[in-house]
Amino acid sequence: MAYTRTFGEVYGHPEGSWYHNRDDLRAAGLHAERQAGISGTQREGTDAIVLSGGYEDDKDYGDIIVYTGQGGQKEGKQVDHQSFSYRGNAGLVKSQYASLPVRIIRGAVPKSEHAPAKGYRYGGLYRVVSHWYKVRDDGFQVCQFLLVKIGSFFDTEDVIKMFPERNNDIEVETFSSGPPAQRVPTAVNKIQRRATVRNNIKTWHENQCQICNTIIELPIGPTSETAHIRPLGTPHNGPDEEPNALCLCPNDHLRFDHGALYIRDNFEVVDSMWKTTIGSLRVHQQHRINIDYIRYHRNHWFSSGGVP
DNA sequence: GTCCTGCCTTAT
DNA sequence: ATAAGGCAGGAC
């Protein structure tokens with residue numbers, strides 16, 4: 001049974017869920033590996049890690065975690081150096097730079113107050129905020145990662161400053177962040193959107209809004225939204241194809257979806273509340289927009305079908 | 001594609 | 001304590 005790597009929450013497996021063993025974790029889609037602590041690759045990043053007390057340099061403060069990388073061990077003892085270019089370690093570095101959320105799973109560690117008594121418990125999403133080499137007393141260097149729980153009260157910059165001396169362990173005063181928000185399982189019929197359509201639109205327009213030319217910059221890089229001209233949902237049932245899609249910023253996406261903006265046959269963009277032309281839809285040679293969908297959108301919001 | 005290594009396990 | 005164990009990832 002293949003494992004699908006998912007970043008972030010996994011449907012049906014909320015924070016606090018308990019699992020009997022590593023095979024069950026894998027079957028749930030929470031962690032790929034049956035033994036290794038890090039589920040991830042250099043290319044994709046790391047989606048989950050397990051804390052089972054296998055590395056003595058780990059520290060679990062609850063919302064803050066110092067996690068040791070993989071490698072260099074034989075029969076549970078450190079016998080060699082570790083490297084950030086190795087497997088899961090490289091995956092955690094990737095996750096840090098791409099701001100990917102990492103699922104924390106805790107195994108039964110007798111001396112940890114955050115660990116379950118037995119089995120494994122999913123402990124929520126964390127962000128990798130820093131990494132460094134620690135030189136142990138025995139001379140071996142190990143990879144270390146600093147993780148902070150997403151939504152916790154800890155400020156990332158403050159936490160990084162708490163670990164200035166990276167070869168020594170420190171005392172961290174932890175406090176409760178309160179119980180996580182209640183989860184309710186739901187079942188819906190969700191429209192499946194084609195990734196290729198989204199990718200093409202984003203690539204062609206380089207994430208630049210076709211109306212206002214804005215590019216939204218996030219830590220993971222430039223971002224845009226793929227808007228459908230004739231909506232996909234009932235009763236419109238538009239097609240999920242490039243000719244029915246636009247590359248928009250979140251603001252213009254919302255305006256367009258609610259009829260605050262519409263587009264003329266000559267691609268002029270009109271503010272429907274002020275009745276003013278605010279610009280012209282930027283086009284790209286490979287992105288063939290079907291004028292019928294533009295007309296459908298106008299027709300939907302303005303029954304005359306023409307310009308109001 | 002094949003082969004090899006090592007794994008924060010698990011059951012005996 | 002220890003042997004068995006499957007598989008992902010990496011090398012080729």
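Below, read A as the first sequence line, B as the second, and so on, with proteins coming before strands; counting in each chain starts at 1.
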Taking the side chain as C-beta and beyond, is there a heavy-atom pair between [X] and [Y] under 4.5 Å?
| X | Y | answer |
| --- | --- | --- |
| A:Ile289 | A:Leu246 | yes |
| A:Tyr262 | A:Phe302 | yes |
| A:Ile229 | A:Ile294 | yes |

Using a heavy-atom cut-off of under 4.0 Å over every strand shown, decide if [X] touches base, sugar-phosphate, or nothing.
| X | value |
| --- | --- |
| A:Arg34 | base |
| A:Gly53 | base |
| A:Ser39 | nothing |
| A:Gly71 | sugar-phosphate |

Could you state the [atom1]-[atom2] distance from [X] to [N], rounded to the nearest angstrom?
| X | N | atom1 | atom2 | answer |
| --- | --- | --- | --- | --- |
| A:Asp23 | B:dC8 | CG | C1' | 15 Å |
| A:Leu25 | B:dT10 | CG | C1' | 14 Å |
| A:Lys59 | B:dC8 | NZ | P | 19 Å |
| A:Gln42 | C:dG9 | CD | P | 12 Å |
| A:Lys118 | B:dT10 | NZ | P | 12 Å |
| A:Ile104 | B:dC8 | CD1 | P | 14 Å |
| A:Glu44 | C:dG9 | CD | P | 7 Å |
| A:Ile49 | B:dC8 | CD1 | C1' | 10 Å |

Among [options], which nucleotide sits nearest the side chain of [X]?
| X | options | result |
| --- | --- | --- |
| A:Arg26 | C:dG9, B:dT9, C:dC7 | C:dC7 |
| A:Tyr55 | C:dG9, B:dT9, B:dC8 | B:dC8 |
| A:Tyr120 | C:dG10, B:dT10, B:dC8 | B:dT10 |
| A:Tyr86 | B:dC8, B:dG6, C:dG10 | B:dG6 |
| A:Ser52 | B:dC8, C:dG9, B:dT10 | B:dC8 |

Under 4.0 Å from OP1 or OP2 of [N]: is there any side-chain N or O of [X] that close?
| X | N | result |
| --- | --- | --- |
| A:Arg43 | C:dG10 | no |
| A:Gln70 | B:dC8 | yes |
| A:Arg5 | C:dG9 | yes |

Identify whether a stacking contact exists between A:Tyr3 and C:dC7, where the ring centres must be under 5.5 Å apart and the planes under 30° apart.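 Base of C:dC7: not stacked against A:Tyr3.
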Could you tell me whether A:Arg26 and A:Asp23 make a salt bridge, using a distance below 4.0 angstrom between a side-chain N and a carboxylate O?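 Salt bridge absent between A:Arg26 and A:Asp23.
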Aromatic ring centroids of A:Phe84 and A:His131 under 6.0 Å?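 Yes: the rings meet the under 6.0 Å criterion.
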Assigned partner base of C:dA11, Watson-Crick or wobble definition, under 3.5 Å: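 Because both required distances fall under 3.5 Å, C:dA11 counts as paired with B:dT2.
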Assign the ring pair A:His236 / A:His300 to parallel, tilted or perpendicular, where the plane angle (0 to 90°) is split at 30° and 60°.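 It falls in the perpendicular class, over 60°.
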